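In what follows, a single structure is set out as structure tokens and then discussed.
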Amino acid sequence: MTRARTNDFEQSFQHLEKIVQRLESEELPLDESLQLFEEGIRLSRFCNQKLEEVEKKIELILADAKGQPRVEAFEPKEIEPDEEAAAKE
């Protein structure tokens, strides 16, 4: 994802969280609740679509020589002190 797309996802997700908080914590009129719910569904679908796109890109990156996707658990690499110093240079 480009930086703009990343920002779109992050902004949409943050807005979705705010909508959920409002719906859970406030006594809202039915019309306003429905409007917020519809907007939340739209944002949820947008975020889900972006996550699926990223997942497909990751599977392409991890595809083996035969083109079959390899699903691997993400494990952050521990950086050795000498590697960390080299990375900063």
Side-chain angles (χ1 to χ4, degrees):
M1 276 193 289
T2 65
R3 187 70 184 151
R5 287 186 189 169
T6 301
N7 286 339
D8 287 346
F9 172 81
E10 290 171 358
Q11 289 174 353
S12 295
F13 192 78
Q14 288 173 356
H15 190 65
L16 178 59
E17 287 179 325
K18 289 177 185 176
I19 288 173
V20 170
Q21 288 173 352
R22 282 192 66 195
L23 288 171
E24 289 179 342
S25 65
E26 296 180 27
E27 288 284 327
L28 300 170
L30 182 59
D31 289 340
E32 188 175 351
S33 294
L34 182 58
Q35 182 181 6
L36 285 171
F37 180 78
E38 289 173 345
E39 185 176 2
I41 292 294
R42 182 183 59 77
L43 289 168
S44 175
R45 288 179 179 157
F46 172 80
C47 290
N48 189 51
Q49 177 186 5
K50 293 299 174 192
L51 289 173
E52 287 177 358
E53 289 173 10
V54 170
E55 184 178 357
K56 288 177 185 175
K57 287 181 183 179
I58 291 171
E59 286 178 355
L60 286 174
I61 292 169
L62 294 177
D64 64 14
K66 295 180 183 176
Q68 298 298 315
R70 294 182 313 178
V71 179
E72 297 179 3
F74 175 76
E75 295 180 27
K77 178 183 172 187
E78 290 187 29
I79 298 177
E80 298 295 323
D82 57 329
E83 290 179 8
E84 189 174 320
K88 290 181 181 178
E89 293 176 359

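Everything quoted here is computed from the prediction, not taken from an experiment. Along the sequence shown, residues carry numbers from 1.
The CZ atom of Arg45 sits 14.5 Å away from the OG atom of Ser12 when rounded to the nearest 0.5 Å. Note: Leu23 CG to Glu39 CD = 10.0 Å, rounded to the nearest 0.5 Å. Between the NZ atom in Lys18 and the CZ atom in Phe13 there is a gap of 13.0 Å [rounded to 0.5 Å].
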(message) Set out, in order, the CA-CA distance, both residues' side-chain angles and the distance that settles salt bridge (Lys or Arg N to Asp or Glu O under 4.0 Å) for Lys50 and Glu53, then state yes or no.
(response) CA-CA 5 Å; Lys50 293 299 174 192; Glu53 289 173 10; 3.6 Å; yes
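Put simply, the side chain of Ser44 never gets that close to the backbone of Gly40: no donor and acceptor are under 3.5 Å apart.
Leu43 and Leu28 fall within the same hydrophobic cluster, defined by Ile, Leu, Val, Met, Phe, Trp and Tyr side-chain heavy atoms under 4.5 Å apart, directly or through other members. In the hydrophobic clustering of ILVMFWY residues, with side-chain heavy atoms under 4.5 Å counting as a link, Leu16 and Ile41 come out apart.
Side-chain contact check for Phe46 versus Asp8: some heavy-atom pair is nearer than 4.5 Å.
A donor-acceptor pair shorter than 3.5 Å cannot be found between the side chains of Asp31 and Gln35.
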